[in-house]
Number of protein chains: 2
Amino acid sequence: MGSTHTMLHWGRMINDGVPYADLAEAAALDLEPEPWYRFWTGKADVYEAYGEEAERRGRLVSAGEWYWQASLSCQYAQFMLVESPALREAGQRRKADLYLRAAPYLVPAAERFEVDVDGVRIPGYVRIPPGAAPETGWPCVLLVGGLESTKEESYLFEQLCLRRGLATLTFDGPGQGEVFFELKIVKPYERYASAVVDWALANAPVDAGRLGVLGRSLGGYYAVRIAACEPRLRACVSWGGFFDMSESNAMPTPVLKGFLYAADIEDEDEGHAYLRATLDLGDVAEELSIPTLVVHGGRDVIFSEHQFELLKTRLTNAQAEFVLEPEGDHCCHNMGHVVRPRMADWLAGQLTAA
Amino acid sequence: MGSTHTMLHWGRMINDGVPYADLAEAAALDLEPEPWYRFWTGKADVYEAYGEEAERRGRLVSAGEWYWQASLSCQYAQFMLVESPALREAGQRRKADLYLRAAPYLVPAAERFEVDVDGVRIPGYVRIPPGAAPETGWPCVLLVGGLESTKEESYLFEQLCLRRGLATLTFDGPGQGEVFFELKIVKPYERYASAVVDWALANAPVDAGRLGVLGRSLGGYYAVRIAACEPRLRACVSWGGFFDMSESNAMPTPVLKGFLYAADIEDEDEGHAYLRATLDLGDVAEELSIPTLVVHGGRDVIFSEHQFELLKTRLTNAQAEFVLEPEGDHCCHNMGHVVRPRMADWLAGQLTAA
């Protein structure tokens, strides 16, 4: 899987909430997959113990934050260990368990839900801004993870949304998080997103007329697909996504291996063929007609600028804004402190207006 | 003033809210004072422009955060430039102006106030947790800055307090921030803190029976002094402070120069004598009788472990807990993500209990 330096995605990790002190400690080590996993799950042990102590002492705000921090450590312990599936599964499951313990103490709390789609259990979380709900319910954003990001990873982005008056919905879809163990990457991801929207409209104080979607990386592809197929959405953000897999053989090896893992395919040729047939907006691109923001980094080495150009030329019916940040890396993680609040602002502008 | 690497206090800067991307950019440069100042005020220009754009577009949460970010960039532009007083003053004044623009948009908002003490105008900010106030008013923490930290620097620590149900009060005292231009370091710092408490009790929805103080670095010295002299306080945190200046000649040169600057003394010998006479808890230590938390880093190269030991042996009447973090640097900034929420928890535990 290459040197662990490919795992030191500092922009992503810092902006997702990994403490700089931990990243600095990891960077000083020359780690292989197992020690990398042990290092980060060791951090999870520490934060979990802090969480338990805080919970015992009634320091519940801290309990929530420590369990979340422990969960996030497990996220990055396993996120690229596709060649060590036992570690990956253990880390994934522990991450989900720790976040579930954090959920009631987060401010505002996260409420777990599950929806059934053809016998597959889709788990998710909803978070509602503090204060009295607007008469028609809260505007709400569906946050969609990518290749190895899950419903537990977007906590800090949720905070940006919640501070701006947007409720948040997160879930694991096919190939992601808890669902990976039941279902791999499939074409109609949008069906699972729609089931989550159904759940939210029936069970949460959200406004059916003010729903949006944001997806990151592979989730940026899914977000467009969902917004094209799901008529109840009013705004879409594709953050570091792509149009199709026509360039799958140009992806860095660890990323390609991640795709093959999430699709459960060993053979590379078979994998390329499957990804090209499965991840392609060609069949739905023209259906996208709502306000859409596409954000892409000019230095993205995972999904090329050509993919950004494809989105630009093929989303012909969307009211779309296309933002290319020349200095941005994949998802502009290296300038996350700039692009993340902007995307939250854009969503709030689309969804909270009267 | 030595290499600018002495200015790269990553633990402090990251935990105070400097974006890692900016710190990484600064670390890659070999900067002298003027380019250092230009680098960070250049960042302030960028964030200020973001703030203005956000404000114009009605994105007020972001406007507040960008103005704060710009203000923080000015803080670190000038914080150690004591040998370039014109830059230091320009940066200091711009920092204060930018924070004033951020104040109404922060969540919750910061309200500026001024109190007069013997003709010296003491400026400060109060922030009140969201939601309905408790019947007796909010418990409240007075946050005290250090040698070059000011009322604008504690925003993220305030967030920790506010999330835990504590209102916050910040101010510039003698030798600090805006007040430096009128008044340098003096012995009875507590008089200025008391004037701020007077203001708060008369003007803000805070509970006179649930007030605390926390100070950092030199502010950790001031906090003890204030808590010893001001009978209305119920809890005290000394974070990386000291007992006296008996070891002033062992301090790193840039820190000593900072002290001489804040005392407005050029001659080193005279400076040592003044600091030893002026910054000494000997006259008040036994008066401290409230619950007190002392946090010190075992690797603090600014204030030694001997100072921690002096606090331990001389605060004989306080209900004190003494925490020495063996791996912690000055103020344990290198483990700020661990010690900061703990101090906020401790304060909440002391002040929010029924």
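A, B, ... follow the sequence lines: proteins, then strands. Residue 1 opens every chain. This structure is a prediction, so every number in the text was calculated from the model and none was measured. Any value given below was found using the heavy atoms of this structure, including those in side chains, with hydrogens, waters and symmetry copies removed.
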So what's closer than 4.5 Å to chain A heavy atoms on B:E65: side chain, backbone, both or neither?
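The side chain, not the backbone.
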
Contact check, side chains of B:S62 and A:R164, non-hydrogen atoms, under 4.5 Å
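Touching, per the 4.5 Å side-chain cut-off.
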
According to side chain to side chain contact (heavy atoms under 4.5 Å, CB included), who are the partners of A:D300, at least two apart in sequence or on a separate chain?
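A:H296, A:I302, A:F303, A:H330.
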
Taking all non-hydrogen atoms of both residues into account, name the closest pair between B:V61 and A:R163 and its distance.
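Shortest heavy-atom separation between B:V61 and A:R163 comes out as CG2-O, 3.7 Å.
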
How far does OH of B:Y20 sit from CG of A:N15, to the nearest 0.5 angstrom?
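If we round to the nearest 0.5 Å, B:Y20:OH and A:N15:CG are 11.5 Å apart.
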
Heavy atoms under 4.5 Å from chain A: which residues of residues 337-345 of chain B carry them?
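If one takes a 4.5 Å heavy-atom cut-off, the residues of residues 337-345 of chain B near chain A are B:H337, B:V338, B:P341, B:R342, B:D345.
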
